[in-house]
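First listed ligand is number 1; within each ligand, the first listed atom is number 1. Reckoned from all heavy atoms, side chains included, excluding hydrogens, waters and symmetry mates.
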Amino acid sequence: LPPPYLRPTWIDVDLDLVRINVLNLKKYIGDNVHLMAVVKANAYGYGIMEIARTSLSAGATWIGVATLDEALVLRREIAKHIPILVLGYVPVEHLSRASEANVTITGISLEWLQEADQAIEQPVDFHLKIDTGMNRLGCRTEDEVKKVIDIVSRNPKLRFTGAFTHFATSEDLTNRTYFLRQLNRFKQFLEIIPNRSEKLIHCSNSGATLYHDEKPFYNMVRCGKALTGPPNEPLKAFLPIKLQSVISLHSVLSLVKEVEAGEKIGYADTYTTTKKQWIGTVPIGYGDGWHQNLKPTGVLVEGQRMEIVGRISMDQLMVALDHEYPVGTRVTFIGQQGNMTITGDEVASAAKIPRSEVFSAISSRVPRIYK
Ligand code: PLP
């Protein structure tokens with residue numbers, strides 16, 4: 001939707017805080033390590049252009065995305081000369097598009113490289129993904145990596161400019177066994193990679209960058225989450241730098257009424273009033289990404305926590321109010337009102353999903369207002 005947005009439901013994003021987070025991250029990793037700002041999926045819902053632009057201006061030197069489409073838009077709009085890595089799958093038939101836009105892509109498997117070897121027309125840079133235990137993308141054995149090395153030594157159009165892996169459990173500090181196993185595996189793989197000092201070597205996401213004494217930065221770290229806020233409570237205590245939450249989500253009361261006891265609220269039979277009850281209607285629903293599982297944390301109205309009642313509709317939901325409030329009163333889903341705050345992490349924990357999943361699901365119908 002083009003602005004102006006005429007429905008009063010919106011996200012505030014504080015780009016100054018993004019800038020400070022990035023500056024703090026940069027300081028922590030040091031001058032010799034590149035910071036890749038991972039801005040896939042619309043920068044986890046925060047806005048790909050704004051988060052990328054702000055991160056770059058604060059010291060990020062690479063951009064990471066999931067798809068070639070994301071890379072091409074960034075290349076066209078803001079990152080004319082900034083290196084971009086597509087972390088996900090690029091079908092071999094689109095190699096020339098990556099090459100023309102000077103976008104680095106990921107060699108996701110031996111099979112992918114064998115196919116690329118046959119199909120490639122113009123030179124393209126790629127980073128080789130090594131699967132050390134995530135079991136998602138990457139070469140899984142040293143034998144596979146040796147075969148890749150053989151292919152690229154014969155085909156100069158396949159420019160092997162980096163190697164990386166991805167951790168499955170970097171935010172689990174209670175049991176670091178799997179993390180360390182992956183790190184050791186990565187080190188073993190690196191032994192067989194030729195001209196290593198000329199390549200970009202990277203393995204750390206936000207968790208691996210921030211919470212482990214090993215500091216496995218190599219010459220680049222790839223941070224997504226850390227650009228936009230601190231982690232969950234138990235982990236927060238181990239944060240070596242200050243990170244601030246940059247986002248809040250708000251709407252307003254569109255209608256307020258008192259209903260009798262025994263009335264059903266919303267679709268289906270999920271909530272019936274047991275007494276006379278003030279009910280407020282709020283113009284946000286699962287069509288905006290506010291799904292049924294995000295109900296438990298409720299909302300803030302004039303600094304008080306209120307319950308979301310009944311089934312959330314596509315465009316609206318209802319809240320149980322403790323008394324009558326004027327239409328237009330602000331309703332906060334994530335953020336602060338007075339002394340009360342609902343954090344994204346609180347919403348995510350109550351819904352038993354990762355924080356990034358809450359924000360990346362907030363649909364494009366909800367405008368992001370930047371300040
Ligand atoms: N690297 C890869 C390969 C990823 O898939 C992701 C995101 O999932 C990241 C880095 C960034 O992770 P985080 O948001 O935990 O920093």
Side-chain angles (χ1 to χ4, degrees), residues 18 21-22 24-26 28-29 33-48 51-52 55 60-68 70-71 83-90 103-109 112 126-139 162-173 178-179 182-183 185-186 189 200-212 215-232 235-236 238-241 243 245-247 344-345 348 353-361:
V18 176
N21 288 343
V22 172
N24 286 343
L25 266 170
K26 260 305 280 176
Y28 184 66
I29 61 175
V33 178
H34 286 279
L35 173 62
M36 173 186 283
V38 178
V39 295
K40 61 201 174 109
N42 197 26
Y44 298 29
Y46 293 65
I48 186 165
I51 301 299
S55 300
T61 40
W62 272 75
I63 293 186
V65 290
T67 70
L68 186 54
E70 291 171 332
I84 303 176
L85 173 64
V86 180
L87 297 159
Y89 169 52
V90 176
V103 166
T104 305
I105 54 180
T106 293
I108 62 162
S109 64
W112 185 92
F126 79 94
H127 287 192
L128 183 65
K129 183 82 182 269
I130 295 169
D131 186 0
T132 54
M134 178 80 178
N135 287 301
R136 193 168 64 177
L137 294 179
C139 288
F164 71 109
T165 194
H166 191 48
F167 292 109
T169 60
S170 65
E171 293 188 351
D172 184 356
L173 302 186
Y178 202 75
F179 170 80
Q182 282 197 261
L183 184 55
R185 216 50 211 109
F186 188 51
F189 273 107
L200 274 167
I201 306 294
H202 45 109
C203 61
S204 290
N205 57 354
S206 300
T209 302
L210 292 167
Y211 309 118
H212 299 269
K215 294 190 175 174
F217 299 164
Y218 293 96
N219 43 17
M220 179 154 78
V221 300
R222 310 183 304 267
C223 293
K225 263 182 239 164
L227 307 174
T228 53
N232 278 349
L235 210 50
K236 207 171 173 174
F238 297 93
L239 203 55
I241 56 171
L243 294 176
S245 262
V246 309
I247 206 168
D345 284 322
I353 56 174
R355 172 164 59 106
S356 312
E357 203 169 316
V358 175
F359 292 119
S360 60

Undergrad: Go through the structure and list residues passing salt bridge (Lys or Arg N to Asp or Glu O under 4.0 Å) with Lys225, not counting sequence neighbours.
TA: Glu171
Undergrad: Can you list every pair where an N/O of ligand 1 is under 3.5 Å from an N/O on the protein?
TA:
| unit_1 | atom_1 | unit_2 | atom_2 | d |
| --- | --- | --- | --- | --- |
| ligand 1 | 1 (N) | Arg222 | NE | 2.8 |
| ligand 1 | 1 (N) | Arg222 | NH2 | 3.3 |
| ligand 1 | 5 (O) | Arg136 | NH2 | 3.1 |
| ligand 1 | 8 (O) | Lys40 | NZ | 3.0 |
| ligand 1 | 14 (O) | Tyr44 | OH | 2.6 |
| ligand 1 | 14 (O) | Lys225 | N | 2.9 |
| ligand 1 | 16 (O) | Ser206 | N | 2.8 |
| ligand 1 | 16 (O) | Ser206 | OG | 2.5 |
| ligand 1 | 16 (O) | Gly224 | N | 2.9 |

Undergrad: I need the minimum non-hydrogen distance between Gly224 and Ser206, along with the two atoms involved.
TA: N-OG, 3.6 Å
Undergrad: Assess whether side-chain hydrogen bond (donor to acceptor under 3.5 Å, both in side chains) is satisfied between Thr106 and His127, documenting all intermediate values.
TA: CA-CA 5 Å; Thr106 293; His127 287 192; over 6 Å; no
Undergrad: Out of Trp62, Phe164, Tyr218, which residue meets the side-chain contact (heavy atoms from CB on, under 4.5 Å) rule with Leu200?
TA: Trp62
Undergrad: Given Leu227, which partner from the list Val246, Asn21, Leu25 fulfils the side-chain contact (heavy atoms from CB on, under 4.5 Å) test?
TA: Leu25
Undergrad: Would the Phe179 and Phe167 ring centres measure less than 6.0 Å apart?
TA: yes
